[in-house]
Structure formats: structure tokens, C-alpha cells
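Read through the structure below, which is laid out as C-alpha cells, and then see the notes.
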Protein chains: 2
Amino acid sequence: MIRVLLAEDQAMVLGALASLLSIESDLEVVGRAGDGVDALRMARDLTPDVLVTDIEMPGMSGLEVAAALKAESQATRIVMLTTFARPGYLRRALDAGASAYLLKDSPSEQLAEAIRRVAAGGRVIDPTLAAEAWSEADPLTDRERQVLRLSAEGLSSADIAAALSLSDGTVRNYLSEAISKLGAKNRVDAANLARAKGWL
Amino acid sequence: MIRVLLAEDQAMVLGALASLLSIESDLEVVGRAGDGVDALRMARDLTPDVLVTDIEMPGMSGLEVAAALKAESQATRIVMLTTFARPGYLRRALDAGASAYLLKDSPSEQLAEAIRRVAAGGRVIDPTLAAEAWSEADPLTDRERQVLRLSAEGLSSADIAAALSLSDGTVRNYLSEAISKLGAKNRVDAANLARAKGWL
DNA sequence: GTGCATGGATGACAATTGTCACCAGGGGGC
DNA sequence: GCCCCCTGGTGACAATTGTCATCCATGCAC
């Protein structure tokens, strides 16, 4: 019997996934978490064989949960289940010790199958996405990412400067650098491109 | 027996929801659609009692499917199941003849319950969201919305002008108007605010 | 027909944004 | 030690963006 912990912030989807897995006779859903903090706590308490987790969750992302469990060298194997086919996410997931990266776009039958493979010590990663993930590295520095993120929220250069205690000119330099690295037309375009790659 | 058609673009979620409903003895999932066009076609062919549909789907949105079915005065009742608590979406859903508006954030037990209520001729709408939907109307004109949408994609004013066959100054006027109507700081802020309300 | 709202356009102006060159300190890596 | 990269900063300049007043059709209401 493979013991599974599910983490997903949309309650409806969480319940539906649980019902999907409960059909499988060799799987047992031992816990459900609605955010990253709960997921980490329950993973420690329950030590499931496999944690199936979303990436984007309030409080703590699935990537952070995975990294935390890895740091504690927990035996729990991790399946990332996400909406986003973003190379940067996959890369960070693997760095954080995940064993599988599954898209919510893929057929529901694949979830149970992936859990079994992972529990048996294997890995499940989409080959095309993997190729993309290694071909192109995130070119942004931390500062550039921060500045870009704030500008995507609608802050002006002056606002960003104030928020990060930088000078206005420096913020414009970072933004300009990010725009040029990404081959974008302006800050909005740059933010969109970075988001699509999972770098933001 | 209530005959249900499910429409949802994320295959994993679609399968999971089907498994969730298959547990209920008084419900029968008669079809699954992966996009809006399929949903409309299957709704016509199968004439289910209830269509449960996502809003944001490729090709044709759930709102458009609902509107099309309403135009054909189909008896099928509609449950919108979406991630977004956006007043504008709820309003458009009701205008399009939907009987329920459910969030993916709400507990999974509520789905079957909502389907039963709707099949019996009732409505299921979150009261706080409903209040919000009627308190604040979409202030944007069609042109303003179009221009804002393109600017959110990273196009410059000149690009937008070319795309819509308008003059550069006119585009800036619309943008300025939208920014002021929304009380935003700039085009990025305006787009974010409009998106959050479901007006974009 | 007069009045008036709407869509589209100008021109002018200020503010913001994007680019570039260049400077300086601090950590690594080799 | 030297080189390179990251951070942070200036100053200057051009391009884009945002604001306003104003204008002209069109079409609709009365």
C-alpha cells in the first residue's frame, strides 16, 4: 500500500483528486493539505511515501515545501502537479529534489501511474519540457527579478526605488538590463516573457 | 438520475471531477469536454440536465457556451465552476443564463449539492460575491477594454494603434481614460485592477 | 432640425521610461 | 594578483506614456 499526502490550494480540486486516487486499490490518501505550510507539517507528522503537491499555493509554494523536506533528508518522494509548463519551474522542482513533474493538462490516469513509478524509486518528467529546461538558463539576477516583479504589479520606477531603498536611476538600469537580456520591448513584455519561462 | 456534462480544459482536473461525481448515486456523468467548442457540441447532442463548465478554456469560454445554449433556449441548466471570484465574471455568467456560480476554492462536497439544487430549478450563488457584482459596474467601454488588453500583453501605444487601425494619440487617450476610470497609477496597474474585477 | 452623446483625431506639454556610458566597491574564481 | 560579475550609483538623452483642451464627424433622441 502506497501512502499518499495531497497538497493543493483549491479545495474542489483537492477533493476531486482524492476521490480519483481513492479508486486505486494500491494507493491510500493519508492526508490532505490546503496550503504549503500544512503540507510541510503533515509530511513531517505522517511521513507518507509520496507527496503530491501543487506549486503555486498561498504561504509556501510546493517548491519550498520540497526544498524543506530535502533539507531534512525526509524519505518522502515528491510529485509536482502543476498547471504550468514552465522550464524554470521544472528546473527548480528537480533542484528541490522532486521525483516527478506532472502537468494538470495531462490525462488523469497518469497521476496514479506516476505515483507508483516514483514510489518505486523512478522519475517521471516530460521529455520536451526537460529539454527546454536545460537548454535555457534563467539570465536574471535576483535584483533584476525583484524589480521586474514589482513593475509587473504596476509600481512606477520611483515606487520600486522607494520599496527597495534604491535610487530611481538604479531601478531603471536593472529594468533596462532585464528588458535587454530577455529581448523584450518594454517592462510589461519582459515580465510576461519571464513569467512564461517560470523565472519570475 | 441527473445527467451531467463536464467541461474543463485541464484533463487531470476533468478526470478528477468526474471521479468525484461518479461516487454520487443520483448523478451520472454522460460526457466530458476538454474545451468550449466540444462542450457546446456535446451539450447539443446529449442534452444533459446540467452542464458543469469552467470559464477560462481555449477556443470558447464557458460564458460563451452558456450564452450560445441560452440563445438556442436549451433546457440544460448551467453550473459555472471557476478559479476566479471576479464580480464581472459572475455578472456575465448570470447574464448568460447560468444557474450557479461555484468557486474551485469551495469544498468539493458542494459540487454535487449545487448540481442537485440547480437540476431542481434552484440557484447557487455566493452572497458576498453577488453583492460585489451588483455594487460596481464595469466602467470600461469596448475600445478601452481592447486597448488595455493589448497593453497588458506588452504592446506599446504605437503597436496597439497599428493593431487596431487607430492613431497613436487616440490609443493614448483611451488608455488615459481607462487609467483614470479605474483610479490606477499607470497602464500596468489599470490592467491588473481590471483583471481582478473580471472586466478584462 | 436642434441638441447631444460617442468615436476618433490633433497638438502640446509634462512625466515617466528606456538606453548608454561610466564610476566604484566587494566577492569569488583561477 | 587579476579578472569578472553583481550591486549601486550619476548624468544625459531620446522615446514613450499620460494628461488636457479642443475639434470634427455620425448617429440618435426629441
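To find a chain, count down the sequence lines: A is the first, B the second, and so on, and within it residues start at 1.
- A side-chain donor from one of A:Thr170 and A:Ser167 sits under 3.5 Å from a side-chain acceptor of the other.
- A straight line from OH of A:Tyr174 to C1' of C:dT17 spans 18 Å, rounded to a whole angstrom.
- Proximity note for B:Thr170 (side chain, C-beta onward) versus C:dT10, C:dT17, D:dT16: the nearest is C:dT10.
- Picking from C:dG18, C:dG7, D:dT7 the nucleotide with the shortest atom distance to the side chain of A:Leu175 gives C:dG18.
- Salt bridge annotation for B:Asp95-B:Arg92: absent, with no cationic side-chain nitrogen under 4.0 angstrom from a carboxylate oxygen.
- Remark: A:Ser157 is in phosphate contact with C:dT17, judged by side-chain N or O atoms under 4.0 Å from OP1 or OP2.
- Here D:dG18 presents its P atom at 14 Å from CD of B:Glu144, a figure rounded to the nearest Å.
- Annotation: side chain of A:Val188 is not in contact with side chain of B:Ser151 (no heavy-atom distance under 4.5 Å).
- Heavy-atom nearest nucleotides on DNA chain C were determined for B:Arg143 and for B:Arg172, and the one closer to the 5' end corresponds to B:Arg143.
- Of the residues in residues 177-194 of chain A, not one places a heavy atom less than 4.0 Å from an atom of DNA chain D.
- Ionic pairing of A:Asp138 and A:Arg91 is not present here: no N-O contact between side-chain nitrogen and carboxylate oxygen is shorter than 4.0 angstrom.
- For A:Leu166, taking side-chain heavy atoms from C-beta onward, the closest of the listed nucleotides D:dT7, D:dG9, C:dT17 is D:dG9.
- Remark: the B:Gln146 side chain and the B:Arg143 side chain contain an N/O donor-acceptor pair separated by less than 3.5 Å.
- Rounding to the nearest 0.5 Å gives a distance of 10.5 Å between CD of B:Glu144 and CD1 of B:Ile179.
- Atoms CG (A:Asp168) and P (D:dG9) sit 11 Å apart, rounded to a whole Å.
- B:Ser99 and B:Arg77 are linked by a side-chain donor-acceptor pair at a separation below 3.5 angstrom, with hydrogens and angles left out of the test.
- When only modelled atom types and interatomic distance are considered, B:Thr53 and B:Glu8 share no side-chain donor-acceptor pair under 3.5 Å.
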Each nucleotide N or O in nucleotides 20-28 of chain C that has a protein N or O under 3.5 Å away: list the pair and distance.
| from | atom 1 | to | atom 2 | distance (Å) |
| --- | --- | --- | --- | --- |
| C:dC20 | N4 | A:Asn173 | OD1 | 2.9 |

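- Distance, B:Ile160 CD1 to C:dA9 P: 14 Å, rounded to whole Å.
- Note that CG of A:Leu69 and CD1 of A:Ile78 are 5.0 Å apart. Values are rounded to the nearest 0.5 Å.
- B:Ser156 and B:Asp159 share a side-chain donor-acceptor pair at under 3.5 Å.
- Using modelled atom types, one finds no donor on one side chain facing an acceptor on the other under 3.5 Å when comparing A:Ser61 with A:Glu56.
- Between the two ends of the helix from C:dG1-D:dC30 to C:dC30-D:dG1, each summarised by a five-pair axis, the helix axis turns through 40° (rounded to 10 degrees).
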